[in-house]
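Single-structure report; data block below.
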Amino acid sequence: MTKILLSLHVLAAVLAVGPVAVAASMFPKALRHAHDAPDDHEARAALRTLHRICRVYAGIGIAVPVFGFATASSLGVLGSGWLITSIILTTAAAAVLVLLILPAQDTALTSAQSPSPGPGPAPGAALRPAARLALFTGVFNLLWATVTVLMIVRPGSTTGA
């Protein structure tokens with residue numbers, strides 16, 4: 001049973017977190033392109049698609065900790081330091097995604113879909129949201145990379161390689 005739970009946990013992580021990491025990483029560049037070409041409908045469609053991927057797979061990503069807790073319980077390692085650290089980092093990554101990335105993408109998408117009439121924003125002002133999103137996405141990806149390494153290395157684990 002443990003092998004099945006671990007397989008489902010890894011599959012959920014790869015299939016749910018991977019698309020979010022890629023789509024969130026592509027969003028800032030697509031946002032800059034949408035601001036550079038405000039009449040480009042395909043640029044806005046790409047933004048909407050990337051944002052939708054992030055939202056949908058963020059919801060599907062709930063399966064990762066669910067299967068993770070089931071696997072850890074089955075292995076009897078719920079009190080291990082490496083697992084507790086991973087849980088904290090996973091919670092931080094989820095918070096970055098839900099509280100920072102998705103709302104910032106929402107705001108950026110809204111502003112890209114309804115460009116203000118007139119002379120437009122000051123030069124560089126349109127790039128700040130993209131830069132901020134790139135920063136948040138980098139933090140999100142770094143947290144997941146750290147969790148992945150912790151899951152593989154499991155420092156202090158006594159359950160084998």
Between [X] and [Y], is there a shared hydrophobic cluster once you connect ILVMFWY residues whose side-chain heavy atoms come closer than 4.5 Å?
| X | Y | result |
| --- | --- | --- |
| I101 | V56 | yes |
| V147 | V10 | no |
| L11 | F69 | no |
| L135 | L99 | no |
| I87 | L5 | no |

With rounding to the nearest 0.5 angstrom, report the [atom1] to [atom2] distance, [X] to [Y].
| X | Y | atom1 | atom2 | answer |
| --- | --- | --- | --- | --- |
| D36 | H33 | CG | NE2 | 8.0 Å |
| L89 | I84 | CG | CD1 | 12.0 Å |
| Q105 | R55 | CD | CZ | 9.5 Å |
| L100 | R132 | CG | CZ | 10.0 Å |
| M26 | I53 | CE | CD1 | 8.0 Å |

What closest approach, in Å, do [X] and [Y] show between heavy atoms, and which atom pair accounts for it?
| X | Y | result |
| --- | --- | --- |
| L31 | L47 | N-CD2, 3.5 Å |
| A58 | L97 | CB-CD2, 3.5 Å |
| L133 | A104 | CD2-CB, 3.7 Å |
| A92 | L143 | C-CD1, 3.8 Å |
| A21 | N141 | CB-OD1, 3.1 Å |
| R44 | L109 | O-CD1, 4.3 Å |

Check for a donor-acceptor pair, side chain of [X] on one end and backbone N or O of [Y] on the other, with a separation under 3.5 Å.
| X | Y | value |
| --- | --- | --- |
| H9 | V64 | yes |
| S111 | A108 | yes |
| T2 | L75 | no |
| S74 | A70 | no |

H35 and R32 side chains, donor-acceptor separation under 3.5 Å: no
Side chains of [X] and [Y]: does their closest heavy-atom pair fall under 4.5 Å?
| X | Y | answer |
| --- | --- | --- |
| W82 | V153 | no |
| L102 | D106 | no |
| V20 | F140 | yes |
| P155 | L150 | yes |
| T90 | W144 | yes |

Contacts of type side chain to side chain contact (heavy atoms under 4.5 Å, CB included), residue A145, not counting sequence neighbours: none
Contacts of V66 that satisfy side chain to side chain contact (heavy atoms under 4.5 Å, CB included) - sequence neighbours left out: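 Residues passing side chain to side chain contact (heavy atoms under 4.5 Å, CB included) with V66: I62.
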F136 CZ: over 12 foreign heavy atoms closer than 6.0 Å: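 Check passes, neighbour count above 12.
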